[in-house]
Each structure stands twice: as C-alpha cells, then as structure tokens.
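Below: one structure, written as structure tokens.
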Amino acid sequence: MAKQNVAEQFVDILVRAGVQRLYGVVGDSLNPVVDAIRRNSAIDWIQVRHEEVAAFAAGAEAQITGKLAACAGSCGPGNLHLINGLYDAHRSMAPVLALASHIPSGEIGLGYFQETHPDQLFRECSHYCEMISNPQQMPRLVQTAIQHAIGRSGVSVVSLPGDIASHAAPEKSIEHALVTSLPTVRPGDTEIDKLVQMIDEAKRVTLFCGSGTAGAHAEVMQFAERIKSPVGHALRGKEWIQYDNPYDVGMSGLLGYGAAYEATHECDLLILLGTDFPYNAFLPDDVKIAQVDVRPEHLGRRSKLDLAVWGDVRETLRCITPRVRAKSDRRFLDRMLKKHADALEGVIKAYTRKVEKHTPIHPEYVASVLDELADQDAVFTVDTGMCNVWAARYISPNGRRRIIGSFSHGSMANALPQAIGAQFIDRNRQVVSMSGDGGFAMLMGDFLTLVQYDLPVKIVLFNNSSLSMVELEMLVAGLPSYGTTNRNPDFAAIARAAGAYGVRVEKPKQLASALKDAFRHKGPALVDVVTDPNALSIPPKISAEMVTGFALSASKIVLDGGVGRMVQMARSNLRNVPRP
C-alpha cells in the first residue's frame, strides 16, 4: 500500500469529520490537495469563480446543516479572497474549516512571489488559525482546528505550504475520535433560582428572541403561555420563532415592525433569549433585563444586565418553566397584541393601494408574491440592503423554510454565493436567492457556477438600478445621493447568454407567471424584476440615537408600508384577546 502524503491525510480527516465537498479555486500550492480529492470518492471539489464565493457557500452549508463545511484558497491572493466570506461565517457562528495554502516553506519570510502570512491574516475572523510547517504536526493540528470550528461554532483556518502538502505523512500519527455535534448547556442552580424569582416578581414580562432559539420553538411557546408574555424577535430569530406564535409582537430594529419596541420598553422584566441583537439603542435602559445565551462572551455586551444566564435556550426553559408560577393576568399581553395588529393595519394600506398597476413595480409586491409561490420548505438567501427589509417583512417562516443572509457581518453580494452552498446540500429543495442588483453584479461571475453544475437555484433580482441603502444613509446625513446609481444591463439576457433561464419583468401583471415559469424550470433561473427605487417611508419610534452606528441602513426612512401575511397572523392572534 502506497504511503500517504500530508494532502491525502488532510482530505481523509475532512471526510471523517463529515465534510462532503471543498469549495475553492485551484492553484499551484493547492494542487496536492485538489489531486487528493480527485482520487477520493467520498468528497467533491467544487470549482467556483471567486474564493469569496467559496467561503460564503461553505458558511451557508454549515448554517443549514449545522455540520462542518470547508473551503480553500491557493497561496497569497487566492486565500486572501476568502476573508470576507469567512468573516461572515464566523459572525454567523457557522462551523467552517478554511484551507489557506501557502508558498514553499523554504521561502516564507523572504518576500517570495505571492507571499502573505495567512496564519496572521485570518486571526480576527477565526477561533483557530495555525500553519503546518512540519509533517509531524499532522493530523493533530487539523483535528484541533476541526474541534475549534465545531465546538466554538465558527471558523478555523489551516495554512499549509504546497511543498509540505506533498511530503509523506507521519507513519504512526495519532487520529482520535472527532467531535461532530454540540452538547446542551444547563445553567447553574444559582442562576436558575434567581431567574425564577425575577419572573415571579415581575407583573409584565417580555421575551425577545434571536437565532439561539433554534430548536426551542415549543419551549418558548410553552414558557410564554405560562407567564403570559408577548414574544418579539430579532431578524436572525425570525425563522425560528415567528411561525405558529400566538404571542407574536413582531421585530425590533430599523427593519422592524409591529409592537416589539413597545413590548420591550413597557415591561417590568425583559428576557433576551439567544440573541446578540447589536442595536442597543432599541433596547430599554429603565427595565430589568435578564439574558440567556450559550456563548458567555455575549452576555451583557449590548445592555446592562440584572442577571446573566449561561446556557442554551431550550435547556434553560426546560429548567425554569415548571418552576415559575403560572400567571393569569393577560392584560399586558393582550394590549401588546392589539398594538401589534393596529400597527400592521396602519402600514398595509400603502402596500395594497394600486399595487398591481404601479410601475416600476413595488418591491413589496414582488416579495409578497414570492412568499406565496415559493415552496413551503424553500431556502431563501437574502442580499444585504433593501432585500433584508423585504425578507424581514414578507417571507413567512413556518418551521421548514430557512432564511440565510449576512445578518451579522452585513456584507454585500452574499445571496448568490450562499445559494450555491444551500443548493449543493439538496438539489431537490427549492433555493431562492433574493438578490439586489448591486450585490448580484458584485459577484455575478459565479452565476456561471450555477450553470456549470446545473444547480437549480432561482434568482429573484430586485433591480432598482441603485444602491438604495446607501442612498438612505446619505439622506439621513443630509447629503445628496452621489455614486449610488447603477447603469444596469438586461440581466435576464445575460442569464440566457450564459446558458440559463432568464426572464425580465417590468409590469406587475407579468410577475406571478414569470416566477411560476422560473420555479418550474429544472435548472438555474433568473427573474430580473424592475422595481421602484422610491419605495420608502418613515416607520415609528426612530430617533437620531438609534440611527447612529446602524451598519445596514443608518436611516430614518425604511420602507413604503406593507407587511405581507403578518397582518393575517396578527389578526388571528387577536381572536384570543377578550373584547371589552
């Protein structure tokens, strides 16, 4: 039996860890690893057109599966392109292993062609970042990197010089069992006792939920019923907590809607469940706050806490729900549900007024029709910018749909690359990229990746020929918009030229049939929808302080009304509110 080299051993370890594909762009320093993949039937090399796309795709795969995903870049400029997607994966708590191949080991530090120092470059966007400078470090270093990525839910980077990758692997190397899943984390008895006491003493409790409530929907609903609490959510908590929720009061933040803001400010006790909600200006400073999070470094970094609870949400609620006294007073809950429904009724009028005749097409209308026609288990990937607004307000979660975006890092151009990673997991599951024209154009080259692999991703392009969020930022700052207009081609024609399905929609009456045709098409498809760039208006409860430092849209002006099916959910919840 031929002796393994370091590259082959590296690939075998990835396979043992459950990695099924490695996204990247080939290059000389990566050649030994790519050749090892070619000869290993358990893993595939996915050739993308830009390494940033490789990192975004791996991050999306990891977010959807909860398992380790991987990407790679060749020495110097190649692996440097990974960095933006890795930042996004790291801040999204997605377990990703990145291979940053390196120049020949004997040339490091001597200004060699394409020399960078990946073991230093990626430290800020990873939990673990080390270089293999000697074959004897294998396989322990790679195993350690995997444990960091999975155990701490983030990125690990391994730097590997091309010549080292070709060296013989150690004969008696130690391979240990790999951790591939996370444990549950139970809070300490003292924190449980204190939280129970705080809840029992409070008359009005509000729950505010983030992505840490994934897998805890039933526990949150049971807890809310027991203490008669309204339930709000952050953007990343939407897909996990909004559906089948009779206590729903909407979302807080500048993309928010409904009564979430009021519910968090008019309570006696606010409980933050699994959220690292970054916009502290929207959080109250005059009510008691308890926070539950599995990441202890998140506790208290957004607001002053009266109690910090280190534990995962589901396990914590299982501990405290049977112990808290059941509350019978629904007055606070019912008042917030009524405010929520009234708030949604107030904005839906703008959406419904002549929307089917308005050109350019209302983007709200596009999102609403998309929500109705998309599969009930579809994966939506959402570009940063105004697409965030439309997804937040129109895409209806149901426990089976997924909504992925650059919600923490806030990068442009994330939707198409993330759709690639999502579609490779399951070719039979509908994946819809909600792309803005600015984001799509930025990494448009990887539309060719869809064509090359015949990935049936459906791109719905919100094409308003502008960088709308940036225009909003300028507006708030009192500046005239400048440098925000895009002179766009016919993107549908480009799609057809590339060998995919493409259709351009300029009138509302064309939209539904165009989306249906695209969804029926078996391969990649792009629906280029010309939308109104002026679809904006003022939401309630916005102050200058809230605007300051808001990364995604530092603006008092967000959208032109409309909340899709959420008004129906609010009306349904009101059926249980006693009438005077």
Side-chain angles (χ1 to χ4, degrees), residues 4-24 30 32-34 36-37 40 42-46 51 54-73 79 82-83 85-102 118-119 121-161 164-165 169-170 172-183 185 294-295 421 424-425:
Q4 269 195 329
N5 64 24
V6 169
E8 292 167 332
Q9 190 176 55
F10 173 83
V11 172
D12 281 352
I13 294 171
L14 290 186
V15 171
R16 278 207 305 128
V19 175
Q20 296 180 326
R21 57 195 65 86
L22 190 65
Y23 302 89
L30 263 180
V33 174
V34 175
I37 292 173
N40 191 321
I43 189 171
D44 292 322
W45 173 260
I46 305 301
E51 290 89 351
F56 269 123
E61 179 180 323
Q63 289 182 68
I64 292 171
T65 64
K67 300 177 181 178
L68 184 71
C71 58
N79 64 59
L82 294 170
I83 196 163
L86 292 183
Y87 260 100
D88 182 80
H90 195 56
R91 298 192 68 185
S92 299
M93 297 175 63
V96 170
L97 178 69
L99 173 61
S101 67
H102 207 350
D119 53 318
L121 284 167
F122 295 98
R123 290 199 180 278
E124 191 175 340
C125 63
S126 66
H127 291 305
Y128 184 85
C129 183
E130 296 292 345
M131 182 173 69
I132 297 176
S133 56
N134 189 303
Q136 297 301 317
Q137 294 172 273
M138 285 288 288
R140 290 177 299 157
L141 190 146
V142 178
Q143 291 172 157
T144 300
I146 291 171
Q147 307 293 55
H148 275 77
I150 295 173
R152 298 185 65 184
S153 300
V155 171
S156 284
V157 180
V158 173
S159 175
L160 177 62
I164 299 295
K172 297 182 179 180
S173 58
I174 300 173
E175 292 188 0
H176 59 72
L178 294 170
V179 171
T180 56
S181 61
L182 293 173
V185 180
V294 73
R295 299 280 288 264
F424 265 114
I425 299 169

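Source: prediction; values computed, not measured.
The number of heavy-atom neighbours closer than 6.0 Å to CD of Gln147, taken from other residues, nucleotides and ligands shown, is above 12.
Neither side chain, Glu61 nor Thr65, offers a donor N or O lying under 3.5 Å from an acceptor on the other.
Of all the heavy atoms in Ala149 and Pro95, the pair that sits closest is O-CB, 3.4 Å. Shortest non-hydrogen contact noted between Cys71 and Ala54 is CB-O, 3.7 Å.
Note: Leu22 CG to Ile37 CD1 = 4.5 Å, rounded to the nearest 0.5 Å. Interatomic distance, CD1 of Ile64 versus CD1 of Ile425, reported as 4.5 Å (0.5 Å rounding). Summarising the geometry, atom CD belonging to Gln143 is positioned 5.0 Å from atom CD1 belonging to Ile13; distances are rounded to the nearest 0.5 Å. One finds the OH atom of Tyr128 at 10.5 Å from the CG atom of Leu97 (value rounded to the nearest 0.5 Å). Of the inter-residue distances, the one linking Leu86 atom CG with Phe56 atom CZ reads 9.5 Å to the nearest 0.5 angstrom.
Counting only distance, with no hydrogens or angles, the side chain of Asp44 and the backbone of Ile46 share no donor-acceptor pair below 3.5 Å. Panel note: side chain Ser101, backbone Gly73; a donor-acceptor pair is recorded below 3.5 Å. In terms of modelled atom types and a separation under 3.5 Å, the side chain of Arg123 and the main chain of Asp119 share a donor-acceptor contact.
Between Phe424 and Tyr23, the ring planes are perpendicular. Angles over 60° get that label, and only those under 30° would be called parallel.
For the side-chain contact (heavy atoms from CB on, under 4.5 Å) with Ser153, the lone residue among Arg295, His90, His127 that qualifies is Arg295.
Taking 4.5 Å as the limit, some side-chain heavy atom of Gln4 sits within range of a side-chain heavy atom of Asp12. Gln9 has its side chain within reach of Pro170: a pair of non-hydrogen atoms, C-beta onward, lies under 4.5 Å apart.
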